[in-house]
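Within every chain, numbering begins at 1; the chains are lettered A, B, ... in the order of the sequence lines, protein sequences first and strands thereafter. As the structure is a prediction and not an experimental result, all values here were calculated from the model.
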There are 2 protein chains.
Amino acid sequence: MEIYQLEAFIAVSETGNLTRAAQMMNISQSALSSQIKALERELGVGLFIRQPRGMQLSRVGEKMISEARAVVQASLQMKQKAMDLHTRISGSLNIGINTDPKFLQVSDISKRMTEQMPGVSLSYIESRTFETSQMLRQEKIDVGFHYGRIQEDSIFSLTLSMVDICVVIPIGMAKHMEHERIETIATLPWVWTRHGCPFHLEFQNRLRGKNLKLNPVTEAVEENIVKELVKSGTGLALMRKDEALELVREGAAIIWNGFEMKILLGIACLEKRQSEKIISGFLNALKEKYKIS
Amino acid sequence: MEIYQLEAFIAVSETGNLTRAAQMMNISQSALSSQIKALERELGVGLFIRQPRGMQLSRVGEKMISEARAVVQASLQMKQKAMDLHTRISGSLNIGINTDPKFLQVSDISKRMTEQMPGVSLSYIESRTFETSQMLRQEKIDVGFHYGRIQEDSIFSLTLSMVDICVVIPIGMAKHMEHERIETIATLPWVWTRHGCPFHLEFQNRLRGKNLKLNPVTEAVEENIVKELVKSGTGLALMRKDEALELVREGAAIIWNGFEMKILLGIACLEKRQSEKIISGFLNALKEKYKIS
DNA sequence: TAGCGTTACGTAGGCCGTAACAATC
DNA sequence: GATTGTTACGGCCTACGTAACGCTA
């Protein structure tokens with residue numbers, strides 16, 4: 001028993017005529033006849049009385065038609081629900097943020113979204129770049145900020161801007177280091193991260209070109225911790241330039257002149273889910289903010 | 001979107017595991033995977049999050065699962081209803097009667113049925129033998145008494161007994177007629193029926209063998225009318241022997257000795273519907289009454 | 001490596017449409 | 001003869017199972 005058979009059942013019961021019902025459903029009379037016959041056979045009851053005039057509901061058929069309608073009705077509701085989940089603009093959106101909320105200007109994003117899609121409630125969830133694609137797939141987040149490119153086919157990503165990255169040297173190690181060659185810099189103690197932070201991946205790529213290896217001393221995952229460790233003179237570190245300049249202003253560190261890097265800031269979502277109204281609305285809001293076509 | 005896909009959706013959501021769900025449903029993992037994929041594609045939403053552990057409902061899936069359950073639930077109810085209409089012993093039964101209710105002992109039948117199937121309400125509807133099969137097909141009656149054999153494939157019939165039929169001669173025409181030859185009898189005025197009454201069909205068959213034709217004078221459909229017409233001396237008639245004997249007792253007619261005929265009394269229903277509980281129960285009650293194996 | 005879901009591919013069942021058929025009015 | 005539903009038959013789609021694959025822990 002399948003839904004298409006029940007739809008056939010209903011259509012024939014309404015027209016009382018196999019030919020016209022078949023036209024309505026854009027199939028042949030023959031096919032429709034088979035569908036009805038198969039349904040009757042499976043249920044073990046005669047649904048129609050075949051008369052020269054056409055098909056008339058049997059008494060059993062009259063009792064079954066409401067049940068059939070209930071099934072088809074429920075299936076239509078299910079389809080409708082699926083449509084709603086696509087197109088509705090009320091609901092929630094989990095946003096993965098990979099860095100300082102202040103830097104991402106989260107409050108500005110919230111403001112734009114509450115203007116454009118008032119029904120949507122936003123949640124911000126911490127998501128390191130290397131976790132982003134996994135969290136998207138697991139639907140722990142619906143969209144996620146990230147550094148660098150994401151190569152996976154199943155994930156769509158929009159480039160928002162380029163971020164300057166630089167090397168900071170704690171003030172205690174800074175004497176004459178500002179213009180030092182990289183070979184020396186590499187041997188100094190570094191504050192590092194274990195896992196695929198894009199800053200470090202990219203930096204390592206550049207070092208590998210010169211056959212150099214860093215000397216990591218301390219590991220830290222969170223940016224604020226890195227910042228504190230630099231302040232305390234533990235070691236050199238990679239850092240967004242705006243953060244580095246803060247440290248410079250505080251007199252806690254200097255920026256090494258021998259290195260410059262730009263890394264892209266992007267927003268990602270599942271390829272499949274690009275078309276969902278809430279997600280596409282969010283992406284559009286970011287496009288406006290970052291002035292992307 | 002079909003019911004088997006929704007059943008797959010539910011099964012996978014419950015096990016959280018495609019392999020086990022496939023085993024439960026006795027299909028291959030591959031087939032089940034395709035079913036889910038097709039459903040997701042048609043609805044345009046991702047129902048599951050594919051994890052190394054297995055299949056976990058997505059947030060959209062969680063919202064859809066109740067709708068899917070509603071559809072499957074409704075379909076099960078429909079199947080159940082079909083079963084009920086087969087097996088239930090409460091409901092109504094329309095019984096076609098082709099002759100005198102007293103002769104059929106309708107009251108005795110009613111008694112047996114109310115004992116054996118208390119929930120069934122019986123309706124008796126007049127149905128001439130020649131109308132019986134049409135009325136069965138149109139479900140105006142569910143079972144019908146009839147004379148003679150019914151040759152149609154779609155109709156099942158049970159022989160109940162053999163009924164004696166004879167020719168009655170009104171007392172006014174009866175002088176020396178009791179032992180008259182058929183050639184003379186045929187020329188007398190007859191009370192006749194226009195349409196296929198099995199008595200007359202069978203009688204005509206016999207006459208045809210002798211190349212004789214009757215002389216019909218008056219037409220009547222209803223047996224009681226025939227009886228009255230015989231009483232009033234209008235003409236000869238075919239009649240059940242028990243009725244004829246009544247007329248003889250009243251001194252209103254005599255029975256012609258030159259003819260004897262037995263015709264079967266049967267009960268018919270649609271071949272398809274033999275297995276329905278109410279109908280088979282009714283047939284069994286009649287089998288007991290008429291002592292048929 | 002073990003367990004999971006996905007993909008590839010050949011097969012087979014069944015659903016479809018055309019057309020001939022049967023039945024009724 | 002017109003209109004109805006049924007049956008026969010051939011084509012094609014698609015759902016299926018087997019098996020190889022990719023992924024993650």
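- With a 4.5 Å cut-off on side-chain heavy atoms, M24(B) and T15(B) count as touching.
- For T129(B) (side chain) and Y147(B) (main-chain N/O), a donor-acceptor pair under 3.5 Å exists by modelled atom type.
- Taking the side chain as every heavy atom from C-beta outward, I279(A) and L93(A) approach each other to under 4.5 Å.
- Residues of residues 51-65 of chain A that place a heavy atom closer than 4.0 Å to DNA chain C, in numerical order, are P52(A).
- The distance between atom CG of N26(B) and atom C1' of dC16(D), rounded to the nearest whole Å, is 14 Å.
- Considering only heavy atoms from C-beta on, I155(B) comes within 4.5 Å of L270(B) through its side chain.
- Judged by closest nucleotide on DNA chain C, Q29(A) is the one of Q29(A) and Q134(B) placed further toward the 5' end.
- Protein atom CD of E152(A) is 10 Å distant from nucleotide atom P of dC23(D), rounded to whole Å.
- What separates CE of M25(B) from C1' of dC16(D) is a distance of 13 Å, to the nearest Å.
- Taking a 4.0 Å limit (strictly below) on heavy-atom distances, residues 2-22 of chain A reaches DNA chain C at Y4(A).
- Between S34(B) and R50(A), the one whose closest nucleotide on DNA chain D sits nearer the 5' end is R50(A).
- In this structure, L32(B) atom CG and dT18(D) atom P are separated by 14 Å, rounded to whole Å.
- The distance from atom CD1 of I49(B) to atom C1' of dT24(D) is 16 Å, rounded to the nearest whole Å.
- Between M25(B) and Q23(B), the closest side-chain pair of non-hydrogen atoms is not below 4.5 Å.
- Residue pairs that meet the side chain to side chain donor-acceptor pair (under 3.5 Å) test with at least one member in residues 71-84 of chain A, sequence neighbours left out, are Q80(A)-D84(A).
- Residues H146(A) and S157(A) have side chains in contact (heavy-atom distance under 4.5 Å, counting atoms from C-beta outward).
- Close to dC16(D), at under 4.0 Å from its OP1 or OP2, lies a side-chain N or O of Q35(B).
- Contact annotation: K37(B) reaches the phosphate of dT7(C) (side-chain N/O to OP1 or OP2, under 4.0 Å).
- Per the geometry, CZ belonging to R41(B) stands 14 Å off C1' belonging to dA15(D), to the nearest Å.
- A straight line from CD of Q23(B) to P of dG3(C) spans 12 Å, rounded to a whole angstrom.
- Between W190(B) and F203(B), the gap from one ring centroid to the other is short of 6.0 Å.
- Minimum atom distance to the side chain of S28(B) is reached by dT18(D), of the listed dT6(C), dT18(D), dG17(C).
- Atom CZ in R137(A) sits roughly 17 Å away from atom P in dG22(D) (whole-Å rounding).
- For S30(B) against dT18(D), a side-chain N or O and a base N or O form a donor-acceptor pair under 3.5 Å.
- Residues F145(A) and T132(A) are not in side-chain contact: their nearest non-hydrogen atoms beyond the backbone lie 4.5 Å or more apart.
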